[in-house]
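To keep things clear, I will list the structure first and then write my remarks on it.
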Amino acid sequence: MGVDLGELVEPEEISFADLNDKVIAVDAMNTMYQFLSIIRQRDGTPLKDSDGNTTSHLSGLFYRSINLLEKNIRPVYVFDGKPPQLKAKEAKERRKKREEAREEWEKLKEEGKISEAYSKATQSSKLTGDMIEEAQKLLDAMGLPYIVAESEGEAQAAYMVQKGSVYAVGSQDWDCLLFGADVMVRNLTSRKTRKTSGGGRKEVSTEKIDLESVLDQLDISHEKLQWLGILVGTDFNPDGIYGIGPKTALELVKQYDSFDDLMEDDKVEWESDNDPDKILDFFQNPPVEDTDFEFESPDKEEIRNVLIEQHDFSEKRVNSGLEKLDTALESRQSGLDSFT
DNA sequence: CGAATTGA
DNA sequence: TCAATTCGG
């Protein structure tokens, strides 16, 4: 999950209209993982086709993308490439936790403890290679571009913002700020309320976070934000440092002029197997590449083939989605014409 | 999550 | 008509 800067930063609430005509590099893994965790039945079983393949992520991707296009927001999806060495150990721990959660889920489901089962199911979510492949097939059919990053998708997406080839990174993960994304957008969803654990309902709005404004608010440099992230915890040292939360971390980074000195502070007890200098270097020089992308017309027959023929989506629902897709792209076309 | 349906 | 609930695959 990475850094939690939520309590230090005041994001700017925006609406989809503020993103009109913008291209957004959407963190594909982050987004699909979200779909996979949330799009489930009440006992936690994800949506599946008749062959038993999970399809929750396809449903999410299809309808979400159409909603964005309807608002004239164009997503280019960025997938993770080869996981960095720094992530190896954490990946192993995650796998173990997932497997444990899956076992508990099965058990609770057997016992009929539906709501407890659901939360375990969420924790057992796993994006497989097949699921990623099917998602990419769907994006191809929809004419939406995607990029497979050299390494971390977050890093690639941040680089694309820096280059100016996209307006922002779309992700829930604050890490993209550490990678230097100038703008990030959170909660890129049309739904405006979310269920809380207590059974209540909470407002969620789309948020825009400018790196510059974050640095302003915290009154630190970008490098110190990276230090802060490492103290609080990143994908490469998920537990952060015991006893140091965002507030303490902010105070600490302001006290030092070099990372090495900071790491010598009495409060800093480094426990991760990863070398902190290597983590810092990864945020500063991640593997990224220059990749072009372009938007194409959707192939409706192929969309029907993937969703209806191969994955048992209902023809009626897919067709009404395709109609929305049509009107979205037509209005975009006429919008462009009026310019020329 | 987002679409479809329900019900006040 | 619209908020709440259920369905989708």
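Letters go in sequence order (proteins before strands), and every chain restarts at 1.
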Under a 4.0 Å heavy-atom cutoff, the residues of residues 64-71 of chain A touching DNA chain B are A/R64, A/N67
Residues 315-324 of chain A vs side-chain hydrogen bond (donor to acceptor under 3.5 Å, both in side chains), sequence neighbours excluded, gives A/R304-A/N319
Applying salt bridge (Lys or Arg N to Asp or Glu O under 4.0 Å) to A/E104 and not counting sequence neighbours gives A/K120
Salt bridge check: are A/K109 and A/E106 linked by an N-O gap of less than 4.0 Å?
yes
Please tabulate, for the side chains in residues 273-280 of chain A, all donor-acceptor contacts under 3.5 angstrom to protein atoms that are two or more places apart in sequence or on a different chain.
unit_1, atom_1, unit_2, atom_2, d
A/N274, ND2, A/L86, O, 2.8
A/N274, ND2, A/F236, O, 2.8
A/D275, OD1, A/D277, N, 2.9

Grouping ILVMFWY residues whenever side-chain heavy atoms fall under 4.5 Å, the cluster of A/V288 otherwise contains A/Y159
Expected list for residues 297-322 of chain A near DNA chain B, using heavy atoms below 4.0 Å, is A/K316, A/R317, A/S320
Sorted by chain and number, sequence neighbours left out, ring pair (Phe, Tyr, Trp, His ring centres under 6.0 Å) with A/Y146 holds for A/F79
Do NZ/NE/NH1/NH2 and the carboxylate oxygens of A/K247 and A/E251 come within less than 4.0 Å? no
Taken in chain and number order and not counting sequence neighbours, the residues that satisfy side-chain contact (heavy atoms from CB on, under 4.5 Å) with A/D266 are none
Contacts of A/K208 meeting side-chain contact (heavy atoms from CB on, under 4.5 Å) (sequence neighbours excluded), chain-then-number -> A/E12, A/I14, A/Y167, A/V183, A/D210
| So, is the end of the A/R74 side chain (NZ or CZ) under 6.0 Å from the ring centre of A/F295 and within 45° of the ring's axis? | yes
Per the under-4.0 Å heavy-atom filter, residues of residues 114-144 of chain A near DNA chain B come out as none
Taken to the nearest whole Å, CD/A/E323 to P/B/dG2 is 20 Å
Is the shortest distance from a Lys or Arg side-chain nitrogen in A/K137 or A/E134 to a carboxylate oxygen in the other one below 4.0 Å? yes
Sorted by number, residues from residues 28-63 of chain A placing a heavy atom under 4.0 Å from DNA chain B are A/I38, A/I39, A/Y63
Applying salt bridge (Lys or Arg N to Asp or Glu O under 4.0 Å) to A/K97 and not counting sequence neighbours gives none
